[in-house]
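Positions are given from 1 along the sequence. Remember, it's 1-based here, ligands and their atoms both numbered in the order they're listed. What you see below is based on every heavy atom in this structure, not just the backbone, and it leaves out hydrogens, waters and symmetry mates.
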Amino acid sequence: MTETVSFSYQDLLENFDWSVSERELGYKKGDRLNIGWMCSDRICRLGQAGKPALIWEDHQGREKRFTYNDVRVLSNTVAHFLVSLGIHPGERVCLFMDRVPELYIGFLGILKAGAVAQPLYSAFGDESLFVRLCNADTAAIVTQRKHVHKVRKIRERLPGLRHIVVVDAGDAPLENREISLEMEEAAPIEHFDVYPTVAESPSVLHYTSGTTGQPKGAQHVHYSIVSQYLTAKCVLDLRPEDVYWCNADPGWVTGTSYGIIGPWANGITQVVLDSGFSAERWYKFMEKHRVTVWYSAPTAIRMLMREGDELVRQHDLSSLRHLCSVGEPLNAEAVLWSRKVFGKEFHDTFWQTETGCIVITNFPGMAVKPGSMGKPFPGITATVLDPSTYEPLNQAGATGLIALRPGWPSLIRSYWNDEAGYQAKFKNGWYLCGDRASIDADGYYWFVGRDDDVINTGGHLVGPFEIESALLEHPAVAESAAVAKPDPVNMEVVKAFVSLKPGYEASDDLELEIMNYIRKRLSPIAMPQEIEVTNAIPKTRSGKIVRRVLRCREFNEPVGDLSTIMDD
Ligand code: WT7
């Protein structure tokens, strides 16, 4: 497919330096650097104060519009409020909301106050919320009435959580530690002294799942904007006149790096739809707002495919210029389908919570090989390593570990309170993504799979340990193992194996009860889609669950040699 491109991959690759991005952002080494200021005040100073920054719509079609000046003033208002509560620079402030304007603008406000934004997916149940607030020793949480009951359930176990800010309290009675902030009703703060953060000051703390232990806090710094600005501009191909839509929820990194920072650092108008999935609503939304750039995900694309081509034809989607995807492997069929129905192909982008920005991608203008993730972004040195020696494989088609040379601006600087876990991500001078891929003779990367037991369901990572621990808290469960099971739409879903305590009998009712228990305590994404009662959960001699045996069975794959693992 031919496209008119703003940048050529080859041109950008030659003499690439991240300082291009610093210059465009007006940043010089040693200057103060604050993402909140960069994404609002700076755009206003560039003469764009009246340009729409956010056009928001909810499931009932209610709409709100905010210019860059509105975002500037309202984020000041939130920042001022937090400072007046006594929030100190560096303290964690959690955002626990649906996709309401307060989430997007509050994010900038937290950063302007010098605090660390900790966004959490609002579908999390009380246990998932507790684990992450406890680990981060969070000082305040900003939430909505509809979610505050989950915070009330756990606040006694969180003595460090000093403030529970409710953004839509109205006249609802507030309890202990709760306080109301109605962002648009509060006295607007025209001028706020943005806290003087610098490049390495902590900015965003995103929780991500690993195989062992509870989720880890991936700590980003303000300097990440240097990567996010340029990749948003070059990979998402954002141009001043664009109307950009990112499907992702800011509870996950796509929703902050490319749902807040990337587009707003570029002074782009973005649209947000605060509603669940509905193919018809999505097409209507894009038609109505004349969306030009759309960043979505394979599971969503497969869900749209299921709704058929006719529905696409019933809408005028001629405004769409560039389509991108992230979160899981983008299957070739999805690319071919998008060519057929939108006349444009989805461009796969590969990255992670930890990388902070897109690292491997189908660059605009570069020929797309359907099913491939594309090539490293200029400025990213990538390879695949031999899993035993951690040396680059340098052999077309050979599968190895995806590895990146550390040093690009948005790589996380630590896992919160887990230095050993952070160090374990580096081998032989490379950062390991925890994924496997091969590189073909043209330098294109082909994703093979994860290199651990983490389950990727609909682009969301869930850690088996978190699910297994929650299962063990159910009165009927004696032992548990959680593994991925293949799924045509979500790529993978969670399947749980449990053995029961004496006195409990396997039944459909019990299985449903356990599923529901996990849905409420953790989240709908962590809920097992299937529960198998078994007395044979495979374990090593030292008692570690060997999930690989169960997983391979689900995927009909050979288990391979287990002798060394079983002796652990
Ligand atoms: C993991 C990172 C940052 C995006 C949201 C997910 C998988 C991500 C792709 C892709 C195949 C992908 C990997 C990766 N993944 N993008 N284009 N093709 N797999 O962020 O929750 O940190 O998950 O998602 O396994 O390591 P995350």
request  = Answer yes or no: are there more than 12 heavy-atom neighbours, outside K427 itself, under 6.0 Å from its atom NZ?
outcome  = yes

ask   = Under the ring pair (Phe, Tyr, Trp, His ring centres under 6.0 Å) test, which residues partner Y444, sequence neighbours left out?
value = none

Once you restrict to heavy atoms under 4.0 Å, what part of [X] touches ligand 1? Side chain, backbone, both or neither.
X    : value
T355 : neither
V253 : side chain
T353 : both
E328 : backbone
R450 : side chain

Any idea how [X] and [Y] line up, ring-wise: parallel (<30°), tilted (30 to 60°), or perpendicular (>60°)?
X    : Y    : value
W294 : F342 : perpendicular
H206 : H220 : perpendicular
F377 : F363 : tilted

ask   = Are side-chain N/O atoms of Y223 and E200 paired as donor and acceptor at under 3.5 Å?
value = no

Close-contact set for ligand 1 against M373 heavy atoms, below 4.0 Å =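 Near M373, the atoms of ligand 1 are 18 (N).
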
message = Using a 4.0 Å cut-off to any heavy atom of T349, which atoms of ligand 1 qualify?
response =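 Per the distance check, 10 (C), 16 (N), 17 (N).
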
query = Are the charged groups of R548 and E557 less than 4.0 angstrom apart, N to O?
reply =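 Salt bridge flag = no for E557 with R548.
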
Check this for me - ligand 1, [X], N or O atoms closer than 3.5 angstrom, yes or no?
X    : result
G327 : yes
Q352 : yes
D348 : yes
S325 : no

request  = Specify the protein heavy atom at minimum distance from atom 11 (C) of ligand 1: its residue, its atom name, and the distance to 0.1 Å.
outcome  =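 Going atom by atom, the protein heavy atom closest to atom 11 (C) of ligand 1 ends up being P329 N, 3.2 Å.
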
ask   = Which protein heavy atom lies closest to atom 14 (C) of ligand 1, and at what distance to 0.1 Å?
value = D435 OD2, 3.3 Å

key: Result of checking D442, N362, D348 against K369 for side-chain hydrogen bond (donor to acceptor under 3.5 Å, both in side chains)   = D442

request  = Please verify whether a non-hydrogen atom of F447 lies at under 4.0 Å from ligand 1.
outcome  =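 Distance cut 4.0 Å: F447 passes for ligand 1.
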
query = Minimum heavy-atom separation for L54 to W264, with atom names?
reply = CB-CZ2, 3.8 Å

